[in-house]
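Only this structure's heavy atoms are used, side chains among them; waters, hydrogens and symmetry mates stay out.
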Amino acid sequence: MALPDDISRLAGRGVLVTGARVSGLALIAPLRDLGAEVTLADGDQGLLDAAAAEHGVGVCTPDQAVADIARFSLVVTSPGWRPDAPVLAAAAGAGIPIWGDVEFAWRLDLAEFYGPARRWLVVTGTNGKTTTTSMLESILRAAGIPAVACGNIGLPITDALRAGTRETPGTRNDVLAVELSSFQLHWAPSVHPAAGAVLNIAEDHLDWHGGMQGYVDAKARALTGEVAVLGLDDPVAAGLAGRSGVGRTVGFRLGVPTTGEFGIDGDRLVDRAFATDETLALTEEITPPGPAGLMDALAAAALARSIGVSPAAVRDGLRRYQVGPHRAALVAEVGGVAYIDDSKATNPHAARVSILAHPRVVWVAGGLLKGASVDELVAEVADRLVGAVLLGRDAAQIAAALARHAPQVPVVRVDRGHDDRVTTTDAPDAVMARAVEAAAALAGPGDTVLLAPAAASLDMFADYGHRGRSFADAVRALDRPGDAGAEPAQRPKDAGAEPAQRPKDAG
């Protein structure tokens with residue numbers, strides 16, 4: 001098989017992979033399939049030792065990689081590594097190509113190294129990516145298409161490509177439902193999917209991208225294929241219509257759609273883009289219920305319809321879909337108080353949707369804001385808040401926004417310097433337990449204690465799933481509501497938390 005030069009030249013050459021977590025480890029096998037000599041770089045020696053033992057791969061620290069950069073012909077980076085990371089800057093300075101893991105997977109697929117190239121359907125946006133991608137996978141499978149959800153959703157794309165090959169027995173995937181983060185899109189300039197969707201765009205990861213424009217530009221890279229699908233109710237996403245440069249742009253909205261759009265007409269999800277007026281499903285059939293679930297269903301339907309999936313398969317797939325964990329999940333009702341885990345609400349935009357679904361909320365929030373502002377969020381939801389419990393590195397920023405826009409809301413800070421029951425050595429689960437106790441003390445019958453952090457979890461927890469499980473465990477451990485012994489704190493002082501190290505493999 002004749003491979004393009006950018007792939008064939010890797011045989012016998014040194015390739016540096018930055019990041020020794022899921023994304024980085026998934027690159028080892030396909031690079032070895034190409035005959036490359038793989039070296040992993042990471043700042044966590046424990047991860048390097050584990051990779052060397054399990055995979056027999058060469059390892060080095062980032063500093064060592066910088067010193068030895070000339071011996072590599074290519075650098076493939078995990079998505080969380082910023083362009084200004086010393087090892088990537090050294091590679092760029094030496095003229096060594098840098099590909100993201102998604103860029104590598106795209107080039108490998110385009111070269112048909114693992115058989116005929118797949119059709120990629122890409123989903124991105126600040127919120128709703130995982131639900132939309134999972135709905136899309138369900139629809140494709142209902143249509144009888146061998147397909148899998150991959151990318152930022154958890155399954156590395158290279159693993160999806162290798163499925164059904166001699167190296168990895170199983171079912172070959174003909175279509176990939178690919179969730180991509182802004183990090184992955186930044187490092188994947190060559191990707192041109194069959195169709196790509198931008199669901200919405202709100203402030204997130206601004207520290208990584210150097211501001212809002214860099215973040216928007218990264219998201220827009222999903223719109224470089226044959227069909228662009230845009231969330232029309234989001235002004236930033238809708239504004240990308242003029243710059244997509246694709247053959248066809250399709251929009252979706254919660255209102256009644258016009259020609260070329262998907263939307264809601266009465267109780268029907270309607271396609272007026274790939275049909276004159278085709279009913280795809282009824283609103284009551286969509287899970288999760290509510291505006292966010294309907295928007296995600298419309299986006300998934302638009303992507304599926306763009307490659308010819310029938311309305312019947314769309315309806316069947318949406319009916320089969322079950323919502324994933326840590327997405328507005330009711331943990332328990334204790335003493336008339338509902339405890340809800342929406343740990344997946346990792347930015348203010350997602351937290352807004354979550355809070356607005358409930359009339360009276362004790363808000364459990366905090367973590368890594370990633371440069372996003374919470375002032376607009378707090379101002380909008382202030383009249384729904386009956387209390388707030390804050391934890392994590394950027395708790396002070398949320399507390400300051402509450403002081404400005406919701407001074408009537410009692411605030412409890414659960415961190416060192418604000419709670420004498422929390423120490424610098426407390427495990428994250430112990431901090432969360434204290435936060436749930438404090439929230440229970442603020443809540444009364446009819447209220448909702450809502451974990452909707454508006455921030456990432458990696459300052460304290462392994463991931464948002466760990467944070468959600470920690471919250472659920474703490475709720476189940478409550479003896480009875482309102483007996484936690486916590487008193488509403490005075491307006492919080494400056495944060496006492498030390499900045500966490502930036503994760504190297506954020507995805």
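Under the 3.5 Å distance criterion, the side-chain polar atoms of Asp296 are left unmatched by any main-chain donor or acceptor of Thr131. Panel note: side chain Glu137, backbone Ala149; a donor-acceptor pair is recorded below 3.5 Å. Counting only distance, with no hydrogens or angles, the side chain of Arg268 and the backbone of Leu280 share no donor-acceptor pair below 3.5 Å. Listed for the Lys370 side chain is a donor-acceptor partner under 3.5 Å among the backbone atoms of Thr346. Between the side chain of Lys219 and the main chain of Gly125, a donor-acceptor pair closer than 3.5 Å is present. Judged by distance alone, the side chain of Asp159 and the main-chain N or O of Pro156 form no donor-acceptor pair under 3.5 Å. Between the side chain of Trp106 and the backbone N or O of Ser190 there is at least one donor-acceptor pair closer than 3.5 Å. Formation of a donor-acceptor pair under 3.5 Å by the Asp341 side chain with backbone atoms of Ala472 is not found in this model. Formation of a donor-acceptor pair under 3.5 Å by the Asn127 side chain with backbone atoms of Asn200 is not found in this model. A distance-only check finds no donor-acceptor pair linking the side chain of Arg162 to the backbone of Tyr114 [under 3.5 Å].
Checking Gln322 against Thr287 by side-chain atom types alone, no donor-acceptor pair falls below 3.5 Å. Defined by atom type and a distance below 3.5 Å, a donor-acceptor pair is missing between the side-chain atoms of Ser138 and Arg320.
Nearest heavy atom pair, residue Arg393 against residue Asp459, reads N-OD2, 2.7 Å. Residues Pro348 and Ser373 approach most closely at CG-O, 3.6 Å, considering heavy atoms. Taking every heavy atom of both residues into account, Ala218 and Leu185 meet most closely at O-CB, 3.3 Å. Residue Ser78 comes nearest to Gly24 through the heavy atom pair OG-N, 3.4 Å, listed as atom of the first residue, atom of the second, then distance. The two residues Asp342 and Ala328 have their closest heavy-atom pair at OD1-N, 3.1 Å. The minimum heavy-atom distance between Thr126 and Ile201, with the atom names listed, is OG1-CA, 3.3 Å.
Under the 4.5 Å side-chain criterion, counting only non-hydrogen atoms from C-beta, Phe471 is in contact with Val436. Two residues are said to be in side-chain contact when any heavy atoms from C-beta on lie closer than 4.5 Å; Val123 and Leu199 meet this criterion. The shortest distance between side-chain heavy atoms of Leu442 and Asp447 does not fall below 4.5 Å.
Exactly one of Ile264, Asp277, Val256 qualifies for a side-chain contact (heavy atoms from CB on, under 4.5 Å) with Val270. That residue is Asp277. Tested against Ser343 for a side-chain hydrogen bond (donor to acceptor under 3.5 Å, both in side chains), the candidates His466, Arg467, Arg327 yield a single pass: Arg467.
Arg476 and Asp473 are joined by a salt bridge, as a carboxylate oxygen and a charged side-chain nitrogen come within less than 4.0 angstrom of each other.
Between the CG atom of Leu223 and the CG atom of Leu230 there is a distance of 5.5 Å, given to the nearest 0.5 Å. Atom NE2 in His405 sits 3.5 Å away from atom CG in Asp375 (nearest 0.5 Å).
The number of heavy-atom neighbours closer than 6.0 Å to CD of Glu285, taken from other residues, nucleotides and ligands shown, is above 12. By the 6.0 Å contact criterion, CZ on Arg360 is open, its count of non-hydrogen atoms from other residues, nucleotides or ligands being 12 or less.
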